[in-house]
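Working notes for the structure below.
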Amino acid sequence: MSIPDSSSHDAATRAQIISQALPYIRRLSGQTIVIKYGGAAMTDEKLKAAVMGDIALLHYVGVKVVVVHGGGPEVSAMCKQVGIEPQFVLGMRVTDESTMRITEMVLGQIGKSIAHWLGTHGAPAVGLSGKDGNLLRATKFQGEADWGLVGEIEHVDARLLNSLARDGFVPVVTPVAPGADGQTYNVNADYAAGAIAGAIGAVKVLFLTDVAGVLRDVNDKGSLIPSLTVDEVEGLIADGTIAGGMIPKVRCCTHAVNKGVERAHIVDGREPHALLVELFSDNGCGTMITQ
Ligand code: ADP
Ligand code: MG
């Protein structure tokens, strides 16, 4: 029986597409990248499976991936279930002691299940928090208000991440960090990803989020800014173009880039395989931030 033309053509096209990834794989193999995983890509089953598959693929072509995950909505949902009404000041969660305990439990569980899903997709992974192996140390976040046990990262000790990567494990980091004062702090996952990327010498840090990237007008999907320099970012915050949850994201990008990460990318996690599009094509997607 002969194979129909269309399917042989499909197979050839598929082979061609795979072979076009070779230059990107050669460049990235052996390098470290950090992925901030959150939003729809973490809650939608299909998107989740696609991200797990993409990370497994990166793992198999020799890219050392570190995952840092979010989970704010899941923390809020659990707080409500146990009768704590989540409080926000200037867009940021106020973390009292009971909220911190719930945060650590909920985020820890999310980290472990991401590690499990990655394992079932063929990338053996380990869920850990900033408390493991002295990975993170935080101090109380100082700002215009008092957010309680919200921390900012003071120090990253990357030895555990390096050991895991060397032995072929994908670390999945839960953004909870101890302070020298004995407290446990809730750290914004974007900040954790940026700080870790800077500390481990990652070549790239990618933030999966629920928008196309940095937009010139939040209400206009077509106004995507494909690339920005560190200097341009502060201007866009000052003039109000970048606001809300996008501020920590771009600040983490500039922090990472200032620490030597070549490129930081904010990509649309609602698009299946956004990671592969960004990493394995010239045009990429989302917003890229460089020096
Ligand atoms: P994540 O859950 O991925 O951390 P956030 O909600 O914290 O996402 O941050 C992304 C949000 O930032 C967007 O959904 C949007 O509402 C807001 N935002 C503010 N300014 C901009 C901008 N210029 N471009 C894109 N998003 C922006
Ligand atoms: Mg956010």
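Atoms within each ligand, like the ligands themselves, are counted from 1 in listed order. Values reported hereafter were calculated over all heavy atoms of this structure, with side chains retained and with hydrogens, waters and symmetry mates removed. The chain is numbered in sequence order, starting from 1.
A donor-acceptor pair shorter than 3.5 Å cannot be found between the side chains of Asp10 and Thr13. A donor-acceptor contact closer than 3.5 angstrom is absent between the side chains of Asp231 and Thr229.
Distance from atom 25 (C) of ligand 1 to its nearest protein heavy atom, with residue and atom name: Gly213 O, 3.3 Å. Nearest non-hydrogen protein atom to atom 8 (O) of ligand 1 is Thr209 OG1, 3.4 Å. Here the heavy atom of the protein found nearest to atom 26 (N) of ligand 1 is Met246 CE, 3.5 Å. Among protein heavy atoms, the minimum distance from atom 4 (O) of ligand 1 is reached at Lys249 NZ, 2.6 Å. Ala243 O, 2.9 Å is the protein heavy atom nearest to atom 19 (C) of ligand 1. Nearest protein heavy-atom neighbour of atom 24 (N) of ligand 1: Leu215 N, 2.9 Å. What sits closest to atom 7 (O) of ligand 1 on the protein, heavy atoms only, is Gly245 CA, 3.3 Å.
In this structure, atom 2 (O) of ligand 1 has no protein heavy-atom contact shorter than 4.0 Å.
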**OP:** Kindly determine whether Leu136 and Val156 satisfy side chain to side chain contact (heavy atoms under 4.5 Å, CB included), including the steps that lead there.
**Re:** CA-CA 5 Å; Leu136 302 175; Val156 181; 3.9 Å; yes

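Leu236 is connected to Met246 through a chain of hydrophobic side-chain contacts under 4.5 Å among Ile, Leu, Val, Met, Phe, Trp and Tyr, so both are in one cluster. Cluster membership check: Leu228 does not share its hydrophobic cluster with Leu206, using side-chain heavy-atom separations under 4.5 Å among Ile, Leu, Val, Met, Phe, Trp and Tyr.
Of all the heavy atoms of Lys36, the ones lying under 4.0 Å from any atom of ligand 1 belong exclusively to the side chain. Under 4.0 angstrom from ligand 1, the non-hydrogen atoms of Val211 all belong to its side chain.
Within ligand 1, counting atoms from 1 as listed, the ones closer than 4.0 Å to a heavy atom of Val214 are 24 (N). Interface atoms of ligand 1 facing Val218, defined by a heavy-atom separation under 4.0 Å, are 20 (N), 21 (C), 22 (C).
Between Arg137 and Asp157 there is no salt bridge, since none of the side-chain N atoms of the basic residue sits less than 4.0 Å from a carboxylate O of the acidic one. Classification of Arg101 and Glu104 as a salt-bridged pair fails, no side-chain N sitting under 4.0 Å from a carboxylate O.
Every residue two or more places apart in sequence or in another chain that forms a side chain to side chain contact (heavy atoms under 4.5 Å, CB included) with Thr290 is listed here: Arg263, Met288.
A 4.5 Å side-chain heavy-atom check between Lys46 and Pro272 finds every atom pair outside the cut-off.
Using 4.0 Å as the threshold, Arg216 has no heavy atom nearer than that to any atom of ligand 1.
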